[in-house]
Amino acid sequence: MATARQRLLKEYKEATKQKQDTGIALIPDETNLFAWRARLQAPKDTPYEGGSFELAITVPEQYPLVPPSVRFRTKVFHPNMHFKTGEVCLDILKTAWSPAWTLHSVCQAIMALLSDPAADSPLNCDAGNLLRAGDMRGYNCMARMYTIEYAMQ
Amino acid sequence: MSDSEEYASGSLMEDEEEEEQESASDQEKDFGLDNSVTVSKKPAYRILKGETLEERRKQALEEVTGVLGITEEDAARLLRRFKWDVTRVHEEWFSNYDAVRASVGLQDEAPVPSTSQATCMICFESYPTDQMYSASCRHLFCHDCWQGYTSTAIADGPACLDLRCPDPKCTACVPTSIIKRTAPPEALAKYQSFCVRSFVEDNRSLVWCVGRGCECAVECCVDRTADEALDVICSSCGATFCFNCKEEAHRPVSCEWVRKWAIKNSAESENVHWIIANTKPCPRCSRPIEKNQGCMHMTCSQCRFEFCWLCQGDWKEHGDRTGGFFNCNRYDAAKRKGDYDEETRKRDNAKQSLERYMHYFERWDAHQKARNKAKADQARISADWLERLSEQTKTPSSQLKFIMDAWSQIIECRRVLSWTYTYGYYALEDMDHKASSTKEGNSSAEENQRFFFEFLQADAERSLERLHEAAEVQLKKVMENNSTAQGNGAPLDLDSFMAFRTHLIGLTDVTRGYFEKLVRQLEKGFEDLERDFGGGSAEEAALIETTL
C-alpha cells in the first residue's frame, strides 16, 4: 500500500510535467489516489481521429505488482474493447503485466491498440469479424460513426 | 479372442491366463501383500517413491549438465522447457542453439554499468548500483521491488519457475540467486517445492499418486495415446486411480464418460452448478478455469496452454486457415453438428431421460456403496478374525491369504461393476432414445449388442454375489462353528474349513475370470460382436443355460 502510494505520487508528478504533446492526460481523483481518469486524443489516420476518449483506471493496492484495471467510459467500436462495458482486452493488463509498466505507458499501449487493432482476440466480435473479413470500409464506417456520435462534442 | 465354448465353460484356458498376466497382473498383485510391481514381464506402470524420484531427477540434471557443460540451474530450465526429455534437450541444444537459449531466457552477460547510482524502473527511486540486482541483461531494480516481484510470481504458481526480467521488453530469465536473495522464507520454500515437483508435473510419463499424503509418483511404461485410460494402484498407499484423468480407477469406461458421469451425478450440488456455469476445464490439463473477463483467447495459468473459450480448441488453430475467427460461436455451426438438435430432443425427452438415468445411477451407486462396505469389512476381518482363525485352524496366517484375496477381488469387482452401469448409460444412450422416440425400435444387431452387454453384466454380477455371500456369510458360519466346537472341547472341524477354503478360492478365480472377460469385451466395444457371436439369440440363450 505504501509503495503503491509512493509510486503513484511519482507518476502523478510525471503526469503534471508532460501534457498535451502525447495526447494523454492523466488525472487522479481529487480524493482518491487509486482512482484515475485518463483522456486520450485518438491517434491520427484512424477512424477514431478527432475523438476524445475517457478511461477509468482503478489501481489495486498491490500496484505495481499487479496491473491496474482499465475501462473505456466513452463508447467505442473496436475489436478489443467491449461495446457495452468498455472493458479492454490487452495482454499487458493481464498475463503480460510487468511492474515496470506505468499508468502512462498503459495509456500509450491503449493508444497503440486504437491505431492497430488485434482482430485475433476480439472482445467485440462484430468489429473483429469485419476486420478479419477484410471489410475495412465497413469497419472504418462503424468506428467513425460511433466516434462522431459519442467521442466528439 | 474367445469362442463361445470357452466362454460357456466358465473357466479360463491356459493361453488366456497368460494374456491376463500381462494385462491385469499389476492390479491383482498389489491388492495382496506383494508390493513388487516390477516382477511382471511388461508392467504398464511403475510406482516411484520419494528417494527414487529425487535420484531420477538428479540423474536427468547430471546428464544435461555433463553433456552441455552448463549449470544445473540452466539445465533445469531446459529440462522443464522440453518436459524432462533428456534426449530432446540434447537434440534441440545442438541443432537450434540460439533459439533454444532464447526460449528459456538465457542470454550472454551484458556489460556492467559504470554509473554508481541508478533509478529503479519499478519504484522510480534512486539507489547505489551495488545495492541493486539484475539478471544477465543488467536491468537494475532495487531489493524491495525485486522482493515484491518474486514473491508475487511465486504466489501465482509454478509458472514462476520461468520468471523473466521485469523490464517489459526484456526476456532474460531471473537467476535463482536473485530469488533466493529476495523472496521471503515461505515463498522460497514454495519455490523450491515447485522446482522438485516440476520433475513430475512437467513430465509426460509421470503423475502424482492421488492418495492423501502419499508422495509417490507413477510412471507410465507403455505407449499410451493421450486421453487413454490406465488404471493404477499405488503400492505405497493403496490408492486406485486412473493415470490419465486422476479420477478413481474406472476400467472399462473411458475418462470422458467418467467426467460426464461425475458432473451429472452431482448436478444437484450448488458448487458444481457454479463450476459448470462459470468454468470450463483446461483442454490440456483439465484444471477448471474461470473466465471472469476478457476475450475468448484463454491462457491456462497452470500449464500455459492457449485455447479458445468458445470451442475449447487450440488457439493456434484459430486463424484464416480454419475459416476465420468466431466461427465456433455460430449457431449454424452447432446445428450442423447436430448438437442443437440433440439438445432440443433431450429436453423433449427430459422425463424419460431422467428415469433412464436413475436406473443406471441407482445401480452404480449401490455398487459404489457395496464397495466401500467391502473395504471396511476387509479391514475388520484382517484386524479381528485372521489371527483367531489362524490359531483355531492351526494354519499359519500366510495360508489364510486366500480370504484377503477373495475380499480384494470383491472390492475390485464392485468397482468394475459400478462402472459398467456408467458404460451402459452412455453406450446404450442412442439406442434407448431411439427405442423410446420411434415406433420401429432398433435393428436386430443393436438389440444383440444390448442383449450381450446385459448378459455379460448379469453373469458377472451373479458370480460376484456368490463370492460375496461366501466370503461374508459362510466365513462367519465357519468362525462360529469353530468357536462353539472349541468351547465344547470338541475337535476342530478342519474338514469343513478346508472345503470352505477350496470353495472360496474356486469362486474367487471364477469371478476374476468373468470380470476379466467383461472388462475386455466392453473396452473392445461391440464391433466384432457379430463375428464372435455371429449366431442369433438362440445360441446366446443356450449360453445362459449352461452357465446358470
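Nothing here was measured: the structure is a model prediction, and the numbers come from that model. Chain identifiers are assigned alphabetically (A, B, ...) following the order of the sequence lines, protein sequences preceding nucleic acid strands; residue numbering begins at 1 within each chain.
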**Study point:** Under 4.5 Å from a heavy atom of chain B, the part of P99(A) involved
**Key:** both
Check your understanding: Should K10(A) and E125(B) count as an ion pair when the cut-off is N to O under 4.0 Å?
Key -> yes
Review point. Can you check whether Y63(A) reaches L103(A) side chain to side chain, under 4.5 Å on heavy atoms?
Key: yes
Point to revise | Short N-O contact, D202(B) and R81(B), less than 4.0 angstrom | key: no
Point to revise | Top contributor to chain A contacts, counting heavy-atom pairs under 4.5 Å, from G148(B), P168(B), A159(B), C123(B) | key: P168(B)
Check your understanding: Can E87(A) and R71(A) be counted as an ion pair, charged N to O under 4.0 angstrom?
Key -> no
Check your understanding: Is chain B contacted by the side chain of S105(A), its backbone, both, or neither, given a heavy-atom distance below 4.5 Å?
Key -> neither
Practice item. Mind ranking Y149(B), F124(B), F141(B) by heavy-atom pairs under 4.5 Å with chain A and telling me who comes out on top? Key: F124(B)
